[in-house]
Q: 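Pasting a structure below so you can have a look.
Start at 1 and go down the list; that is how both ligands and their atoms are numbered.
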Amino acid sequence: MTRLPFLANRRLRITLLALMVLLTLVAAAVTHLANVERQSAARLDFSRSPWAIAATEVETLRYGQALELLAYGRRSPEVIEEARRRFDTTWSRVDILKTGPEGRPLLRLPGYPETLAAFDKTLQEQEGLIDRLEAATPEELHAAHKAIDAIIPRLRDAFLMMLTDANYNGLRTSAAHDLLEGRLSFLLTALGSLVVLLFLLLMSEIREARRLLRQSDAMVAVLRDREAELARLHAEATDAQQRAEDANRAKTVFLAHVSHELRTPLHSILGFSETINRESFGPIQPPRYAEYVQYIHQSAEHLSTLVEDLLSLSRIEAKEYTLNEARQDLGAPCRFAADLLRAKAEEAQVTLVLKEPEGPRRVIYAEQRAMRQSVLNLLNNAIKFTPKGGTVTLAWGLNDAGAPQISVTDTGIGISSDDQRVIFDPFFQVDNGLTRQHIGAGLGLPLVKSLMELHGGSVTVQSVPGQGSCFTLTLPKDRLI
Ligand code: ADP
């Protein structure tokens with residue numbers, strides 16, 4: 001197919017089509033109007049043809065009579081004027097027969113065109129005579145009358161010929177033919193315009209379809225590229241994940257080994273420093289060493305907690321920590337932690353309050369060690385971050401939704417809202433005066449969070465700096481028995 005560059009422009013194409021439609025409509029309308037006129041004329045002319053020829057014959061007769069009067073000596077100005085008027089009228093009738101629509105159908109009568117030509121010629125020849133009628137000789141006038149007289153029978157013949165069946169029908173056929181021709185030409189014009197229009201539309205649609213096809217091909221190619229790219233990225237990501245999991249597993253194995261290796265000497269340090277501290281085998285000499293031994297014992301305790309926390313966290317992270325769940329009282333971990341840290345609270349001059357809930361005893365299904373560890377970590381922090389004279393409250397029971405929960409509330413230094421967002425990340429410690437005074441590694445809260453999540457529960461914090469904090473452990477409702 002030839003490519004027309006202007007058809008590539010959509011706007012131009014639309015304008016062109018609109019123009020074509022308009023032109024087609026105008027052409028159809030004009031043809032239709034012309035045909036209506038032509039058809040009505042054809043109908044009219046056919047019915048007026050006999051009258052036209054008869055009227056011409058009558059006029060010619062009158063003209064002939066006027067010439068005759070003049071030839072026989074009646075030369076009054078009125079008669080001359082009358083003859084001239086008759087001449088003009090006759091000639092105008094001949095003109096109508098020659099060129100007028102009424103005369104058109106008659107032209108197909110045999111011999112009629114010749115009659116008309118002869119008539120026309122005769123009138124032309126008499127034009128000079130009519131101009132100088134006053135001076136015309138009787139012979140000239142007789143001759144003119146004779147010439148006109150010769151035409152009349154030929155006109156009558158034509159008239160009679162027209163009235164014969166065959167010719168009358170012929171005329172009718174010719175009128176019908178005209179009608180048909182008009183309608184046909186209208187139909188042909190309309191059809192032609194329609195075909196051109198359809199062809200243009202079709203061409204434009206084909207071009208548009210091809211353009212869309214090209215576009216969709218390009219899109220498919222782009223999608224294929226993306227798909228390949230995605231598959232490559234997916235493979236890379238899977239590979240990286242596998243490597244990370246391997247590394248994590250290696251880390252857990254390493255940590256398990258290291259902590260096991262650390263635990264044995266740590267237990268020795270703890271045991272021996274405890275024995276020395278108690279002065280089981282006699283007083284420490286010199287007494288200053290007693291203080292050092294206490295430091296050794298405290299440091300070893302801290303190291304031991306750190307190693308345990310690290311080990312638990314990495315096990316959870318490597319999904320190698322399996323919960324060892326059992327039925328237990330919801331208040332049990334609270335009492336356990338309070339018993340263990342009461343001395344520490346007294347030392348820090350912080351009041352420790354245990355808020356026993358009213359109503360029946362609540363029993364939960366959870367891991368005892370994890371629950372104890374979590375409450376212990378929270379309580380330990382609460383005592384650590386509450387200045388002298390403050391209060392730490394341990395409470396447990398069911399929340400509004402009926403889920404078991406434990407809360408540790410203190411009147412301590414509080415945590416800013418920015419820090420609240422990150423304290424559950426491993427190794428995070430708020431940089432404040434109190435943190436620096438206490439030993440810690442920033443593993444306590446992440447461990448609580450992981451242990452709670454293992455149970456399907458959560459840990460949340462609410463705190464106002466300078467007023468205190470409240471940490472809440474919440475277990476799922478179905479862990480309540
Ligand atoms: P650490 O063992 O260092 O205390 P944690 O993970 O238990 O680590 O706590 C992280 C940090 O959160 C602490 O260093 C402390 O700044 C802040 N924090 C935890 N509990 C409290 C609390 N009750 N009041 C104020 N700050 C707290």
Q: So between Ile423, Ile383, Asn381, Leu378, whose heavy atom ends up nearest atom 7 (O) of ligand 1?
A: Asn381
Q: What part of Asp410, side chain, backbone, both or neither, has a heavy atom within less than 4.0 angstrom of ligand 1?
A: side chain
Q: Nearest non-hydrogen contact with atom 4 (O) of ligand 1 belongs to which option: Lys384, Gln420, His302?
A: Lys384
Q: In ligand 1, which numbered atoms sit nearer than 4.0 Å to a non-hydrogen atom of Pro446?
A: 6 (O)
Q: Please check if the side chain of Glu279 supplies one atom and the backbone of Ile284 the other of a donor-acceptor pair under 3.5 Å.
A: yes
Q: Please could you name the atoms of ligand 1 that Ser469 approaches to less than 4.0 Å, counting only its heavy atoms?
A: 24 (N)
Q: Looking at ligand 1, would Gly412 count as a contact under a 4.0 Å heavy-atom criterion?
A: no
Q: side-chain hydrogen bond (donor to acceptor under 3.5 Å, both in side chains) with Gln215: which residues, sequence neighbours excluded?
A: none
Q: State whether the side chain of Gln420 and the backbone N or O of Ile415 hold a donor-acceptor pair below 3.5 Å, judged by distance alone.
A: yes
Q: Considering only NZ, NE, NH1 and NH2 on the basic side and carboxylate oxygens on the acidic side, decide whether Glu347 and Lys344 come within less than 4.0 Å.
A: no
Q: Is there side-chain contact between Glu356 and Trp396, with at least one heavy-atom pair below 4.5 Å?
A: yes
Q: Does ligand 1 have an atom under 4.0 Å from some heavy atom of Gly468?
A: no
Q: Got a sec, which residues hit salt bridge (Lys or Arg N to Asp or Glu O under 4.0 Å) with Asp418, two or more places apart in sequence or on another chain?
A: Arg421
Q: Does the side chain of Glu308 come within less than 4.5 Å of Gln373's, by heavy atoms?
A: no
Q: Applying a heavy-atom cut-off of 4.0 Å, say which part of Leu445 lies close to ligand 1: side chain, backbone, both or neither.
A: both
Q: Answer with yes or no whether Phe424 contacts ligand 1, where contact means a heavy atom under 4.0 Å from a ligand atom.
A: no
